Number of protein chains: 2
Amino acid sequence: MKSISQEDYIKRIYKMQSGNKSSVASGSLAIELGVSKAAVTDMTRKLAKEGLINYQSYKGSFLTRKGERKALDIIRRHRLWELFLVEALNLNWAEVHDEAENLEHYTSEFLINRIDKYLNFPEFDPHGDPIPDKNGKLPKTRKRIQLSKTKSGKDFVVCRVDDKNAGLVDYLGKVGIGIGVKLKIIERLEFDNSVMLKIKKKEIVLSEKIAEKVFVSELKDE
Amino acid sequence: MKSISQEDYIKRIYKMQSGNKSSVASGSLAIELGVSKAAVTDMTRKLAKEGLINYQSYKGSFLTRKGERKALDIIRRHRLWELFLVEALNLNWAEVHDEAENLEHYTSEFLINRIDKYLNFPEFDPHGDPIPDKNGKLPKTRKRIQLSKTKSGKDFVVCRVDDKNAGLVDYLGKVGIGIGVKLKIIERLEFDNSVMLKIKKKEIVLSEKIAEKVFVSELKDE
DNA sequence: TAAATAAATTAAGTATGCTTAACTTATCGG
DNA sequence: CCGATAAGTTAAGCATACTTAATTTATTTA
């Protein structure tokens, strides 16, 4: 019996884990999911019984390999749906998250694989978040640093945009910044910590607040 | 609070009504939905309380205007999703029904309108079933007769394919038959009641069994 | 180290949407 | 018009996924 709630728990645990690697406290899970702690106790016991998480009273939970596999599957659905809605229907990135949040639970293996194929098996979405493949494998990623912490004169590639709340991806798109775009740091302005950079001969200044949200990896010519 | 079960009941009642216009018996609803009669009694009472159906003990149910509006909305979602999956992802008609059955419940007004726009506001799906518009209005339809009951020599347009179980639409597509296609009846063969017809200079024979499933309306040159 | 406090669990209860079994209505045939 | 039968309803119960309130466990700090 498939359960949407279970999928939401699993996904949340995965995301909270991958932050600091340790086990996830029931209390913070409750807050993230917007339910009571009692509900979490209930559900974590069920998930443990199904072998999706390890859970001990008063100790918190973390995913088993089986649970992680499941989490990756849900994330795959989510990111492919997002990308598909943007590509096929021209929705904005800001509009797409909530739709995917629903659709991800009701998409057959068959359908999501067709969407994957339509998109030509993408490895990253426009936030730079990796998309697990149909076997739950994540693409390799390089070391990433915030644009606000780069050194002048070096070349970088944009590889992630942290866009939890706003429609930042849509905004950056307008100034020419997207995943895979190459850029050179000209300088960091002492005054307000903003960053001046060059993209295809064009010079752009980004505020510190935005530069913090853009992650890049160093471009070494091989 | 939105309920998927409720939506399924409403949709089913709509479809059973539109057949013979009268009220729908609890027993047959139960069979169609694959639940117990007791479950139907329960749910119909709830639907009545919400003003979606008229229901009296031992008398059956029929939709109120509010319920009908809701039914049309769900059918709209279903048919647009089907069409979209076929058009955008190249799925076959046989593959598409079950997916739409899930997705229809989890699609925002916003998204379904974008899908509608993508498809250029279609009035009929490839079965010839009408697609309600965003105000719940159905497109006008002409009188339809089965291809197996047409008279020789006359011209017709295909306007519906009854394809409850199989992938008939996909099959007919291969021989050149689809919604809106014009054809002339050459003759009905006494032998097996098959129908010989002409589509764009090409002659085709359809078995009685298939001809029964294809609905056409007479083509009068105006 | 023991008391205070924070975190988690248990207990009891709710709503939804089902089930089966027993009972009630309605209707149809003789 | 009355009894058999079919159709529908009631009653009790189950699973899921929650809630609040009371209680227990763990941790911190004085």
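Chain letters run A, B, ... following the sequence lines, proteins first and then strands; every chain starts at 1. Everything numeric here is computed off the predicted structure, so don't read it as measured data.
Scanning for side-chain contact (heavy atoms from CB on, under 4.5 Å) contacts around A:Thr44 gives A:Leu29, A:Val40, A:Ile53, A:Tyr55, A:Ser61, with sequence neighbours left out. Considering only residues two or more places apart in sequence or on other chains, B:Thr41 meets the side-chain hydrogen bond (donor to acceptor under 3.5 Å, both in side chains) condition with none of them. Partners of B:Tyr106 under the ring pair (Phe, Tyr, Trp, His ring centres under 6.0 Å) rule, at least two apart in sequence or in another chain, are A:Tyr106. For B:Lys59, the side-chain contact (heavy atoms from CB on, under 4.5 Å) criterion is met by B:Gln56, not counting sequence neighbours.
Listed pair B:Arg45 / D:dT10 meets the phosphate criterion, a side-chain N or O lying under 4.0 Å from OP1 or OP2.
First and last contacting nucleotides of DNA chain C toward chain B (any atom under 4.0 angstrom from a heavy atom, 5' to 3' order): C:dT16 to C:dA26.
Listed by first and then second residue, the salt bridge (charged side-chain N to carboxylate O under 4.0 Å, His left out) pairs involving residues 26-39 of chain B are B:Arg12-B:Glu32 (not counting sequence neighbours). For residues 109-142 of chain B, the pairs satisfying ring-ring contact (aromatic ring centres under 6.0 Å, His included) are B:Phe84-B:Tyr118, B:Trp93-B:His127, with sequence neighbours left out. Note on residues 97-121 of chain A: pairs passing salt bridge (charged side-chain N to carboxylate O under 4.0 Å, His left out), not counting sequence neighbours, are A:Lys11-A:Glu101, A:Lys11-A:Glu104, A:Arg76-A:Asp116, A:Arg77-A:Glu109. Contacts classified as salt bridge (charged side-chain N to carboxylate O under 4.0 Å, His left out) and involving residues 46-58 of chain B (residues at least two apart or in different chains) are not found.
At distances below 3.5 Å, not a single donor-acceptor pair connects side-chain atoms of A:Arg79 with backbone N or O atoms of A:Pro132.
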At a cut-off of 3.5 Å, list every protein nitrogen or oxygen paired with a nitrogen or oxygen from nucleotides 23-27 of chain D, distance to 0.1 Å.
unit_1 : atom_1 : unit_2  : atom_2 : d
D:dT25 : O4'    : A:Tyr58 : OH     : 3.4

Protein-nucleotides 17-21 of chain D N/O pairs closer than 3.5 Å?
unit_1 : atom_1 : unit_2  : atom_2 : d
D:dA17 : OP1    : A:Ser3  : OG     : 2.4
D:dC18 : OP1    : A:Ser5  : OG     : 2.6
D:dC18 : OP2    : A:Tyr9  : OH     : 3.4
D:dT19 : OP1    : A:Ser36 : N      : 3.4
D:dT19 : OP2    : A:Ser36 : N      : 2.7
D:dT19 : OP2    : A:Ser36 : OG     : 2.5

Applying side-chain contact (heavy atoms from CB on, under 4.5 Å), run through A:Met16 and A:Ser28 and close with a yes or a no. CA-CA 9 Å; A:Met16 293 172 78; A:Ser28 30; 3.7 Å; yes
Show, in sequence, the C-alpha distance, side-chain angles and deciding distance for A:Val35 and A:Tyr9, and conclude whether the side-chain contact (heavy atoms from CB on, under 4.5 Å) test is met. CA-CA 11 Å; A:Val35 300; A:Tyr9 276 76; 3.6 Å; yes
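Heavy-atom contacts from other residues, nucleotides or ligands closer than 6.0 Å to NZ of A:Lys140 number 12 or fewer.
Near DNA chain C, meaning a heavy atom under 4.0 Å from it, residues 24-32 of chain A has A:Ala25, A:Ser26, A:Gly27 in order of number.
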